[in-house]
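So the structure is just underneath, and the comments pick up after that.
Computed from heavy atoms alone, side chains included, the values below leave out hydrogens, waters and symmetry copies.
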Amino acid sequence: MSLEAEQPVARRPDRAALLIALVLAVVGLAIGWSTLQAGGVAAYTPVGPKTVPFIVAACLIGLALWTAVEAWRGNFPEREEQQTAPILWVVGGLIVQMLTIKTIGFSLATGLLFAATAFAFNERRLWLTLPFGIVFSFAVWFIFARGLQLSLPAGWLERLV
């Protein structure tokens, strides 16, 4: 038995969290700078559309500082091993959607994205997820395009209505 007191193992700063803190700070500073260049806080009312971006920028910078301090202390839990296949399915679905949305329309392209994302989350019944995604996407398109009069890309399916 040792008489020496056990020393806690010092954890190294979490480099990934420090990178996230840096990105948060850059985005917060960019929002603040952009808002400042656009005219800053409105003079006729204390809270308005030019005030909110400053609040968002301040919150992002505060979150960046908090993240950096916690990362420097090494207080983040150890992360699990990342699985790349689900990420590739979601990113692939997004790429397919972006490439096909103008040609086949919003509903079909977003239905493909829905099915790819469901497949990434281990739902292997594409015969179920693809039609459900198309019907759900069509409902979203209908609400936005017909109900709110917003412009979403229409394909042959949307032109039937």
Report task. State which residue, out of L29, L24, I31, fulfils the side chain to side chain contact (heavy atoms under 4.5 Å, CB included) condition with V27. Result -> I31
Please report the interatomic distance [atom1]([X]) to [atom2]([Y]), rounded to the nearest 0.5 Å.
| X | Y | atom1 | atom2 | result |
| --- | --- | --- | --- | --- |
| T35 | I55 | OG1 | CD1 | 11.0 Å |
| Q83 | L88 | CD | CG | 11.5 Å |
| F138 | I143 | CZ | CD1 | 10.5 Å |
| L112 | I95 | CG | CD1 | 13.5 Å |
| T129 | F132 | OG1 | CZ | 10.0 Å |

Within the structure provided, determine whether [X] and [Y] are in side-chain contact (heavy-atom separation under 4.5 Å).
| X | Y | result |
| --- | --- | --- |
| T110 | V140 | no |
| W89 | T117 | no |
| L152 | I101 | no |
| I134 | F114 | no |

Query raised in the report: Is it the case that more than 12 heavy atoms not belonging to R124 sit under 6.0 Å from its CZ atom?
Result: yes
**Report entry** salt bridge (Lys or Arg N to Asp or Glu O under 4.0 Å) partners for R146, two or more places apart
**Finding:** none
Report task. Considering only Ile, Leu, Val, Met, Phe, Trp and Tyr, and joining two whenever side-chain heavy atoms are under 4.5 Å apart, list the other residues clustered with L128. Result -> W127
Report summary line: Students should find that the hydrophobic cluster of V69, defined by side-chain heavy atoms under 4.5 Å apart, otherwise consists of none
Query raised in the report: Is L63 reachable from I61 through a run of hydrophobic residues whose side-chain heavy atoms are each under 4.5 Å from the next?
Result: no
**Report entry** Intermediate values then yes/no, side-chain contact (heavy atoms from CB on, under 4.5 Å), L113 and V96
**Finding:** CA-CA 7 Å; L113 170 63; V96 167; over 6 Å; no
Query raised in the report: What do the steps show when you test L108 against W156 for side-chain contact (heavy atoms from CB on, under 4.5 Å), and what is the final call?
Result: CA-CA 9 Å; L108 293 177; W156 65 268; 3.3 Å; yes
Query - Side-chain donor/acceptor of E70 to backbone N/O of T67, under 3.5 Å - result: no
